[in-house]
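Notes to accompany the following structure.
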Amino acid sequence: MDYTLNCNGRLLSLNEPQVMGILNVTPDSFYADSRKQTEHDVAKRTEEILSQGGTMIDVGACSTRPDSEAVSEAEETERLRWALAVVRREAPQTVVSVDTFRPQVARIVVEEFGVDIINDVGAPANSKLLIANSQENMFRMVSRLRVPYIFMSRKSNIRDILLDSAEAVDQLRSMGQKDIIIDPGFGFGKTLEQNYEVMQHMERLQMLRLPLLVGISRKSMIYKLLQTNPEQALNGTTVLHTIALLKGANILRVHDVREAVECVKIVAATKSQSTLD
């Protein structure tokens, strides 16, 4: 389907899959090379994402990797303020997403920096902040802000992901939310085997008739299976990106932008040939 997102008045078509480059301003993200701690690093990463063909930048300032502990709301906000100032200076017209589970942080980045999308993976599983920052509060906030919202499910199988997502969509729609993107949550609340089972049946999520985002870049479902590490997980990432695109992914959230863009182009060429046969 030809999905379109309203990003602060600009329409972004997802008719062709888009590549969202990851820009982390955290000292503890699971993939060390994604950590950007200086203004120079943020500016360089911004330019790199765009020059390699990325069309969206996802900025994160609070790690949600397994066993991580959330930094304070004040610390997350401070990190985002300086990073977004750099991103907006370097690429003022680029679609920018912010990875946060905190409603007030979402409000600040949208109101102060015109952030286009809120990407909510929820608080780290062991975080004491999970109850205080409930998903319902985030739903109400993004509906008020009128920005596209990425809902991620931590459920462990495709049936429960469908039910969980459908319930969330109903809640969001009742609050007036327009643009919703579904993320099946690879690496969150799932065993190694469950991650691959979800990938096997991911095309069923198209029943929701909403765009799908896949975030599998260099995750443990790759390097644990192959008994390596995140630094050696690029090839496995590309394999899974290919499968995800064939199963209907509209957005790839990635560390390695050039390789993901090439993957999108090759899969698109294959699909175009199949329609001619």
* Asked: Rounded to the nearest 0.5 Å, what separation is found between the CZ atom of Arg102 and the OG atom of Ser72?
  -> 6.5 Å
* State whether the side chain of Thr237 and the backbone N or O of Arg218 hold a donor-acceptor pair below 3.5 Å, judged by distance alone. => yes
* Without hydrogens or angle criteria, can the side chains of Asn250 and Tyr3 be said to hold a donor-acceptor pair below 3.5 Å? -> no
* **Given Val87, Asp41, Asp58, the one that forms side-chain contact (heavy atoms from CB on, under 4.5 Å) with Leu23** => Val87
* Ignoring hydrogens and angles, tell me if any N or O in the side chain of Arg253 forms a donor-acceptor pair with the backbone of Ile22 under 3.5 Å. => no
* Asked: Any salt bridge between Asp116 and Arg88, counting N to O under 4.0 Å?
  -> yes
* To do: For the pair Asp183 (side chain) and Gly185 (backbone), establish whether a donor and an acceptor sit closer than 3.5 Å, ignoring hydrogens and angles.
  => yes
* Asked: Looking at Glu39 and Arg89, does any basic side-chain N land under 4.0 Å from a carboxylate oxygen?
  -> yes
* Does Lys224 reach the main-chain N or O of Leu192 with its side chain, forming a donor-acceptor pair under 3.5 Å? -> no
* Given salt bridge (charged side-chain N to carboxylate O under 4.0 Å, His left out), test Glu136 with Arg140 step by step and report yes or no. => CA-CA 6 Å; Glu136 184 176 352; Arg140 295 189 185 282; 2.9 Å; yes
* Do Leu240 and Met221 touch side chain to side chain, with heavy atoms closer than 4.5 Å? -> yes
* Asked: Below 4.0 angstrom, N of the basic side chain to O of the carboxylate: do Arg146 and Asp179 qualify?
  -> no
* To do: Without swapping roles, check the side chain of Gln200 against the backbone of Glu197 for a donor-acceptor pair under 3.5 Å.
  => no
* Between Thr55 and Gln18: side-chain donor-acceptor atoms closer than 3.5 Å -> yes
* Taking atom CZ of Arg10 as the centre, does the number of heavy atoms from other residues, nucleotides or ligands within less than 6.0 Å exceed 12? -> yes
* **Under 3.5 Å: donor-acceptor pair, side chain of Ser51, backbone of Glu48** => yes
* Just how far is it from atom CD of Gln93 to atom SG of Cys7, taken to the nearest 0.5 Å? -> 12.0 Å
* Check: Gln52 side chain, Arg258 main-chain N or O, donor-acceptor pair, under 3.5 Å -> yes
* Asked: Does Asn229 use its side chain to pair, donor to acceptor, with the backbone of Gln232 at less than 3.5 Å?
  -> yes
* Asked: What is the distance from atom CE of Met175 to atom OH of Tyr149, rounded to the nearest 0.5 Å?
  -> 10.0 Å
* Please say which of Asp120, Asp164, Ile181 ends up in a side-chain contact (heavy atoms from CB on, under 4.5 Å) with Phe151. => Asp164
* To do: Indicate whether the side chain of Thr238 and that of Asn235 have a donor and an acceptor atom separated by less than 3.5 Å.
  => no
* Asked: If you measure only the distance, is there a donor-acceptor pair under 3.5 Å linking the side chains of Asn119 and Ser97?
  -> no
* Leu5 versus Ile117: any side-chain heavy-atom pair under 4.5 Å? -> yes
* Asked: So which of Glu111, Glu75, Glu76, Glu112 actually passes salt bridge (charged side-chain N to carboxylate O under 4.0 Å, His left out) with Arg81?
  -> Glu112
* Under 3.5 Å, side chain of Asn6 to main-chain N/O of Val147, donor-acceptor pair present? -> no
* **Donor-acceptor contact below 3.5 Å, side chain Lys190 vs main chain Phe188** => yes
* Give, for atom CG of Leu162 and atom CD of Glu167, the distance between the pair rounded to the nearest 0.5 Å. => 13.0 Å
